[in-house]
Amino acid sequence: VTGIKVSNLAHSVYEDDLRDLFSEFGDIKRLHLAKDDHGISKGYAFVTFVMRKHAEEAMETLRGT
């Protein structure tokens, strides 16, 4: 798994916030924050890492936070 779904995000979160957080685990290939028609976060995002081990490390470290 190189891609993970991140849920239960605050509606005030921005893509840059997520990129800052997840880039600590490795290179990000793609990051998509779901937004409504007004550009407000829907509370979930998809993060795809270049390497599988980085996705697994992020999931293990951030699960439940």
Side-chain angles (χ1 to χ4, degrees):
V1 175
T2 58
I4 57 176
K5 180 180 180 183
V6 183
S7 55
N8 296 321
L9 297 172
H11 294 288
S12 60
V13 74
Y14 293 98
E15 283 186 22
D16 287 344
D17 300 326
L18 296 174
R19 190 168 304 281
D20 289 346
L21 175 65
F22 284 97
S23 65
E24 294 180 21
F25 298 97
D27 292 332
I28 296 171
K29 184 176 183 178
R30 181 174 184 266
L31 188 146
H32 173 73
L33 175 63
K35 300 175 193 168
D36 66 15
D37 293 336
H38 302 286
I40 306 295
S41 166
K42 288 185 175 183
Y44 65 94
F46 298 95
V47 182
T48 304
F49 288 89
V50 173
M51 299 183 67
R52 177 184 180 150
K53 69 179 183 176
H54 295 149
E56 292 171 348
E57 184 179 335
M59 284 191 302
E60 183 177 315
T61 302
L62 298 173
R63 181 174 283 131
T65 61

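Heavy-atom basis, side chains included; hydrogens, waters and symmetry copies ignored.
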Look only at the side chain of [X] and the backbone of [Y], and say whether a donor-acceptor pair between them is shorter than 3.5 Å.
| X | Y | answer |
| --- | --- | --- |
| Thr61 | Ala58 | no |
| His32 | Phe46 | no |
| Asp17 | Tyr14 | yes |

- Item | Set of residues satisfying salt bridge (Lys or Arg N to Asp or Glu O under 4.0 Å) with respect to Lys35, sequence neighbours excluded |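 Lys35: salt bridge (Lys or Arg N to Asp or Glu O under 4.0 Å) contacts with Glu15.
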At what distance, to the nearest 0.5 angstrom, does [atom1] of [X] lie from [atom2] of [Y]?
| X | Y | atom1 | atom2 | answer |
| --- | --- | --- | --- | --- |
| Thr2 | Lys29 | OG1 | NZ | 6.5 Å |
| Leu33 | Arg19 | CG | CZ | 11.0 Å |
| Arg63 | Ile4 | CZ | CD1 | 9.5 Å |
| Phe22 | Leu62 | CZ | CG | 5.0 Å |
| Phe49 | Met59 | CZ | CE | 9.0 Å |
| Leu18 | Ile28 | CG | CD1 | 8.5 Å |

- Asp27, CG: over 12 other non-hydrogen atoms inside 6.0 angstrom: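 Atom CG in Asp27 is not crowded, with 12 or fewer foreign heavy atoms closer than 6.0 Å.
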- Message: For the CG atom on Asn8, are there more than 12 heavy atoms of other groups (residues, nucleotides or ligands in this structure) within a distance under 6.0 Å?
- Response: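 Atom CG in Asn8 is not packed in, count stays at 12 or less.
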- Message: Between Glu57 and Lys53 (salt bridge meaning N to carboxylate O under 4.0 Å), is one present in this structure?
- Response: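 So Glu57 does not pair with Lys53 through a salt bridge.
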- Task: Over all heavy atoms of both residues, which pair between Asp20 and Glu24 is shortest? Give the atoms and the distance, please.
- Result: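 Heavy atoms of Asp20 and Glu24 come nearest at O-CG, 3.6 Å.
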- Message: Ignoring hydrogens, what is the shortest heavy-atom contact between Ser41 and Ala10? Give both atom names and the distance.
- Response: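 Minimum heavy-atom contact is OG-O, 3.6 Å.
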